[in-house]
2 protein chains.
Amino acid sequence: MERAVTSSASRLTRRQQAILGAFEGADAPMTAREAWEAARDEIPTIGLATVYRAVKTLTGEGSLRQIEIVDETPRYEPATRPHHHHFFCRACGRLFEIRKCPPSLRDMVPDGFAMEDHSIVLYGSCEECLATA
Amino acid sequence: MERAVTSSASRLTRRQQAILGAFEGADAPMTAREAWEAARDEIPTIGLATVYRAVKTLTGEGSLRQIEIVDETPRYEPATRPHHHHFFCRACGRLFEIRKCPPSLRDMVPDGFAMEDHSIVLYGSCEECLATA
DNA sequence: CTCATTGCAAAACGTTTGCACAAAA
DNA sequence: TTTTGTGCAAACGTTTTGCAATGAG
């Protein structure tokens with residue numbers, strides 16, 4: 001029963017590690033471009049295409065999770081984070097983590113269907129933006 | 001107390017009506033390009049840019065709702081449809097409507113935040129694809 | 001040596017925009 | 001006339017890909 005905790009992440013190259021590290025170091029989901037900017041601190045010559053390739057690989061492998069927000073370019077977060085959802089503030093564009101998850105989701109799955117994942121995004125205004133408004 | 005039922009849809013041009021009609025006539029959310037193809041049956045000379053402009057206007061106005069699915073281009077559906085969510089089958093790429101909605105969503109909103117909308121997407125396999133598998 | 005990874009530039013894709021023209025008011 | 005809408009083609013931002021060079025084993 002000695003199984004790796006770090007998911008199925010096969011051996012990663014130094015660049016791929018740097019990219020995954022960029023996502024792990026961030027306090028919020030990032031875009032591919034943002035991860036590229038972060039990774040360049042460590043590997044200045046890294047190309048944007050390499051980041052896109054790594055993001056695709058890591059997402060397929062299950063090391064990264066892709067988050068879709070209306071009218072925003074996709075963001076990614078490490079799949080090692082505990083299960084949660086997101087609140088997107090339309091005023092400031094920030095994405096907040098929500099730890100709660102509705103218990104009744106299973107009931108929504110139609111008979112005969114098999115749910116693998118789910119995503120919940122709440123849209124509105126954050127406390128700070130409401131105060132400033 | 002005589003208010004229009006058809007949301008805030010201001011006066012629409014013939015093309016804009018045709019585009020909205022395309023979404024209303026579809027049995028599932030459509031992409032802008034698909035709406036364009038449908039609208040061309042009625043107005044063969046309509047341009048794709050017109051569809052994109054109309055979709056943006058109609059979405060902003062609240063006549064259309066935008067649906068985001070991981071790795072898919074955005075789809076739209078008439079906002080007049082009763083509240084529901086979606087199940088995306090990764091095997092066949094079809095989007096299914098789910099009428100149920102978890103009652104406890106309010107509890108997920110952080111204190112001080114104001115939720116305007118929410119979106120729930122379930123990912124997995126539909127009954128048909130499971131049978132064929 | 002062999003094979004996978006990378007940088008770069010070009011291509012592809014979905015979407016937006018500038019502009020001249022047409023339609024509506 | 002003034003304003004708004006439209007087609008077209010060009011521009012845009014994001015993502016993918018072809019290919020030669022590099023790196024790992």
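We name chains A, B, ... by the order of the sequence lines, and we start the count at 1 in each one.
A residue-by-residue look at A:Y76 and B:V51 shows that B:V51 has its nearest nucleotide of DNA chain D further toward the 5' end.
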- Task: Evaluate side chain to side chain contact (heavy atoms under 4.5 Å, CB included) for A:S125 paired with B:E116, printing each intermediate quantity in order.
- Result: CA-CA 8 Å; A:S125 300; B:E116 298 163 351; 3.9 Å; yes
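Residue B:Q16 has its side chain nearest to D:dT6 when only D:dT6, D:dT15, D:dA9 are considered. Of the candidate nucleotides D:dT15, D:dT6, D:dG18, D:dG18 has the atom lying nearest to any side-chain atom of A:R53.
Chain A approaches DNA chain C within less than 4.0 angstrom (heavy atoms of the protein), and the contacting nucleotides run 5' to 3' from C:dT5 to C:dC8.
For the pair A:R90 and B:D117, the salt-bridge criterion is met [side-chain N within less than 4.0 Å of a carboxylate O]. Under 4.0 Å is where a charged nitrogen must lie from a carboxylate oxygen, and between B:E68 and B:R75 no such pair does.
To the nearest angstrom, P of D:dT15 lies 14 Å from CD1 of A:I19. One can place CD of B:Q17 at 13 Å from P of D:dG5, the figure rounded to the nearest angstrom. B:L12 places its CG atom 16 Å from the P atom of D:dT4, with the value rounded to the nearest Å. The interatomic distance linking A:R14 (CZ) with D:dG25 (P) rounds to 14 Å, in whole Å. One atom, CD1 of B:I43, and another, P of D:dT6, lie 8 Å apart when rounded to the nearest Å. Taking atom CG on A:D71 and atom P on D:dT14, their separation rounds to 13 Å, with Å as the unit. Taking atom CD on A:E72 and atom C1' on D:dT14, their separation rounds to 14 Å, with Å as the unit.
Side-chain contact of B:H118 with A:H85: a donor-acceptor pair under 3.5 Å is absent, judged by distance alone.
Scanning atom types as modelled, no donor and acceptor separated by under 3.5 angstrom connect the side chain of B:R15 and the base of D:dG7.
In this structure, the ring of B:Y123 has its center no less than 6.0 angstrom from the ring center of B:F87.
Between atom CD1 of residue B:I46 and atom CD1 of residue B:I19 there is a gap of 4.0 Å, rounded to the nearest 0.5 Å.
Nucleic acid contact class of A:T31 (heavy atoms, under 4.0 Å, all strands): none.
For D:dT6, the OP1/OP2 oxygens have a side-chain nitrogen or oxygen of B:T13 closer than 4.0 Å. Using a 4.0 Å cut-off, some side-chain N or O of A:K56 falls inside it from OP1 or OP2 of D:dT16.
You'll find the side chain of A:R14 reaches within 4.5 Å of the side chain of A:I43, heavy atoms only.
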